[in-house]
Number of protein chains: 2
Amino acid sequence: MAVKLTDRSQKILEAIIEEYIATAQPVGSKALTQNQGIKLSPASVRNVMAELEDLGYLVSPHTSAGRIPTEKGYRFYVDTILRVSEMDSRQQDRIELQYRQQGLQMTDMLREASRTLSSISHYTGLVMIPRLKTTIFRHIEFVKLSPRLILAVFVTQSGLVQNKLVEVDEDLSPRELEKITNYLNQTMTGLSIQDVRTRIITEMAQEKALYDQLMRRAFTLSSAALVDESNGDVIIEGTSRFLEQPEFSDLDCMKRIVQTFEQKSALVELLDRGLETKGVQVIIGSETEHTELSDCSLITAAYSGKRGTLGTLGVIGPNRMPYATIIPIVDYTASLISRLLDTDND
Amino acid sequence: MAVKLTDRSQKILEAIIEEYIATAQPVGSKALTQNQGIKLSPASVRNVMAELEDLGYLVSPHTSAGRIPTEKGYRFYVDTILRVSEMDSRQQDRIELQYRQQGLQMTDMLREASRTLSSISHYTGLVMIPRLKTTIFRHIEFVKLSPRLILAVFVTQSGLVQNKLVEVDEDLSPRELEKITNYLNQTMTGLSIQDVRTRIITEMAQEKALYDQLMRRAFTLSSAALVDESNGDVIIEGTSRFLEQPEFSDLDCMKRIVQTFEQKSALVELLDRGLETKGVQVIIGSETEHTELSDCSLITAAYSGKRGTLGTLGVIGPNRMPYATIIPIVDYTASLISRLLDTDND
DNA sequence: CTTAGCACTCCTTCTCTTTGAGTGCCAAAG
DNA sequence: CTTTGGCACTCAAAGAGAAGGAGTGCTAAG
């Protein structure tokens with residue numbers, strides 16, 4: 001896919017896309033010439049537009065309407081034309097203030113992030129909660145609720161708290177529990193959950209553990225407590241923003257999208273994609289590979305804690321999104337969250 | 001508002017409402033006579049309908065349309081005409097099975113309840129999470145995360161787990177923390193959070209506490225941990241169901257409703273109303289006293305744990321809801337949840 | 001290469017008409 | 001006194017043109 005567009009063609013494509021983003025109406029040649037820095041006649045613009053249509057960057061809904069960008073058009077715009085600016089520093093401060101006032105709980109902060117993303121972008125905010133396995137073990141505590149029922153409370157380095165009820169076969173004395181707790185906290189702190197789990201498995205395989213009943217129990221209990229059944233959860237805020245978009249005025253289409261949101265699995269999959277990428281990622285339309293979301297675009301970025309990536313966050317909206325303003329918002333939010341997770345809870 | 005409707009009028013009102021619930025179309029006299037057990041001519045039915053309109057139970061959108069029920073009509077229908085049946089026992093079993101397979105965590109169960117309510121009613125499910133203060137203290141645990149930061153984990157009798165980060169002024173040793181934990185668990189178990197809090201206040205007022213530093217710290221810590229900032233949270237499942245209702249095909253109206261859902265406060269208020277009521281409560285249209293919800297009805301019921309009411313759950317949909325089928329669903333779900341909360345976690 | 005001109009397309013909007021469901025009322029029948 | 005058939009009336013919804021207009025592609029001249 002060669003990039004062989006003349007400067008002028010790019011300018012015009014840019015203008016069309018930006019006009020369409022602003023108005024949601026097909027853009028005609030006349031509108032373009034009147035608007036801005038394009039000093040050409042409508043006829044010349046038409047020639048270029050026809051060319052851009054041949055190349056697949058534009059389509060016209062019908063002969064007597066203007067042109068609208070295709071996915072390929074958006075993609076080219078995002079990849080090649082768009083120069084993202086930094087965010088206004090006053091706005092940065094305003095956002096940061098939002099979080100500073102908040103409490104310290106990580107999930108609350110992530111929820112706030114999703115809400116803020118939605119409210120300043122005017123689209124729908126998404127935040128993926130960190131997967132257990134990618135986080136760092138910090139502390140575990142067992143609370144005996146009844147002879148057979150133990151509550152495991154597990155805290156990650158970044159401050160995520162996870163509760164888990166574990167049913168056990170044998171009645172454990174408070175003393176035993178305490179020993180187990182101490183042992184685990186001493187040996188496992190600082191490891192990633194991934195590592196903790198492999199370690200548990202290897203240690204259990206060694207004979208020594210098999211003979212030490214207490215150890216065996218410790219491992220059984222902790223491995224039960226650390227099973228990551230969350231499977232990725234997403235905080236979605238501002239679903240109602242979707243109802244504001246003219247492209248989703250079709251109720252049926254709208255319904256499918258909202259249902260997809262409710263199931264979350266598609267969103268988890270999409271946010272997962274951004275986990276290993278650095279910087280902001282843009283997924284446009286059918287790139288989502290979910291038919292229900294084929295008219296939606298996502299702008300995502302990964303956020304990280306002390307050690308490595310924790311999750312991703314972003315904004316979802318129609319293809320026709322003001323990428324130029326939202327990309328910096330997502331970018332800034334991700335780095336802000338990372339910073340806050342880094343400094344908190346030492 | 002005297003109930004002076006003849007038997008025949010009631011029958012006709014019932015038929016109209018049920019027809020309207022089924023079709024979402026204004027009901028005409030002809031449709032009624034053809035349909036069911038009404039053996040009258042259209043003309044007679046018209047007379048009765050005019051009478052019902054005078055009484056305020058029906059309105060017609062315009063002269064040449066049929067009639068639709070007013071809120072007063074629904075109210076009368078629900079209060080006087082409707083005889084709710086028990087739920088099909090096979091369906092009961094099917095529902096119960098859903099929960100049995102689930103894990104033990106209370107919030108998971110409540111989420112499942114909301115989801116199930118939505119999927120079997122085909123409307124939107126609501127479940128209010130228990131307020132802390134109405135629940136019974138069972139166990140508290142403190143985990144020291146850093147010198148100044150303590151994680152309080154707090155378990156209620158019904159199995160609700162609450163985490164709270166508390167910042168403290170003074171560095172507490174693990175030994176002190178343990179003492180505090182033991183003290184609190186011994187003295188407070190079995191009391192309601194409400195009682196625990198008043199107790200803390202009175203004890204702190206007594207001199208003895210003032211001189212015992214440890215005690216003072218225990219009280220400070222626990223009172224910080226037990227502050228109920230949750231302010232009532234609602235689990236909403238199946239928002240997309242609203243998009244299926246023809247009465248909300250107006251996007252603007254739809255948007256307002258979804259926004260109201262997102263804010264949750266209105267729903268909390270409405271669910272709160274059902275806290276002290278026994279059995280199923282029906283709130284119709286403007287009875288919600290929220291203009292955005294003036295075309296919505298709620299069917300709610302309280303659920304309870306070992307000791308007293310914990311919260312409410314229910315279904316929200318358009319006024320035109322099949323009350324006859326949903327009321328038993330809500331009723332059964334509430335009692336099922338109560339039963340499960342009673343037997344679990346002893 | 002650019003641009004003015006022009007014929008052509010076809011969506012959108014408006015008005016006007018038609019259609020039909022449903023009503024209210026009256027007078028006759030039960 | 002209640003019930004019913006008949007009938008004129010109302011009014012939303014649906015359809016059919018007709019007019020308007022935005023936008024295009026093409027051609028030929030600058």
Side-chain angles (χ1 to χ4, degrees), chain A residues 4-13 15-20 22-70 73 246-247 249-250, chain B residues 4-13 15-20 22-70 73 246-247 249-250:
Chain A
K4 46 175 178 186
L5 280 191
T6 66
D7 235 37
R8 191 177 66 175
S9 300
Q10 282 201 22
K11 269 255 162 52
I12 289 179
L13 180 56
I16 292 172
I17 291 180
E18 278 164 11
E19 178 74 11
Y20 183 67
T23 63
Q25 298 292 325
V27 182
S29 53
K30 209 172 176 182
L32 268 194
T33 52
Q34 287 172 342
N35 249 5
Q36 319 177 88
I38 288 160
K39 296 170 224 68
L40 286 171
S41 73
S44 307
V45 173
R46 276 205 289 280
N47 286 330
V48 178
M49 283 166 102
E51 186 191 332
L52 287 170
E53 180 162 3
D54 282 344
L55 291 169
Y57 296 116
L58 298 176
V59 273
S60 48
H62 53 83
T63 50
S64 73
R67 304 284 205 314
I68 61 177
T70 60
E247 39 263 86
S249 60
D250 176 28
Chain B
K4 47 176 178 185
L5 281 190
T6 65
D7 234 39
R8 192 177 64 172
S9 300
Q10 282 203 20
K11 268 255 160 54
I12 289 178
L13 180 56
I16 292 171
I17 291 180
E18 279 164 10
E19 179 73 12
Y20 183 66
T23 64
Q25 299 293 325
V27 182
S29 53
K30 209 171 175 183
L32 268 193
T33 53
Q34 287 172 343
N35 247 3
Q36 317 176 84
I38 287 160
K39 295 170 222 67
L40 286 171
S41 73
S44 309
V45 172
R46 276 204 290 278
N47 286 331
V48 178
M49 282 167 105
E51 186 190 333
L52 287 169
E53 181 162 2
D54 283 344
L55 291 169
Y57 295 115
L58 299 175
V59 274
S60 47
H62 56 263
T63 49
S64 73
R67 304 281 205 314
I68 62 177
T70 59
E247 40 263 86
S249 59
D250 177 27

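Not measured: the values here are computed from a predicted model. We name chains A, B, ... by the order of the sequence lines, and we start the count at 1 in each one.
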Are any of the side-chain heavy atoms of B/Arg8 and B/Leu40 separated by less than 4.5 Å? yes
On a heavy-atom basis, the closest approach of B/Arg46 and B/Ser29 is NH1-OG, 3.3 Å
Would you list the protein and nucleotides 13-15 of chain C atom pairs, both N or O, that sit under 3.5 Å from each other?
none

Do B/Tyr57 and B/Leu5 come within less than 4.5 Å of each other through their side chains, counting heavy atoms only? yes
Would one find more than 12 heavy atoms of other residues, nucleotides or ligands at under 6.0 Å from atom CG of A/Asp54? yes
Do A/Ile68 and A/Val27 touch side chain to side chain, with heavy atoms closer than 4.5 Å? no
Heavy-atom check, side chain of A/Pro26 versus side chain of A/Arg67, under 4.5 Å: no
I need the single residue from A/Leu32, A/Thr6, A/Leu58, A/Ile12 that forms a side chain to side chain contact (heavy atoms under 4.5 Å, CB included) with A/Val48. Which is it? A/Ile12
Could you state the NZ-P distance from B/Lys39 to D/dT4, rounded to the nearest angstrom? 12 Å
Taking only residues two or more places apart in sequence, or in another chain, which ones meet B/Glu51 in a side-chain hydrogen bond (donor to acceptor under 3.5 Å, both in side chains)? none
May I have the distance from A/Leu32 (atom CG) to C/dT2 (atom C1'), rounded to whole angstrom? 17 Å
Using a 4.0 Å heavy-atom cut-off, write out nucleotides 7-26 of chain D from 5' to 3' as B (base contacted by protein), S (sugar-phosphate only) or - (no contact). ---BBS---------BSBB-
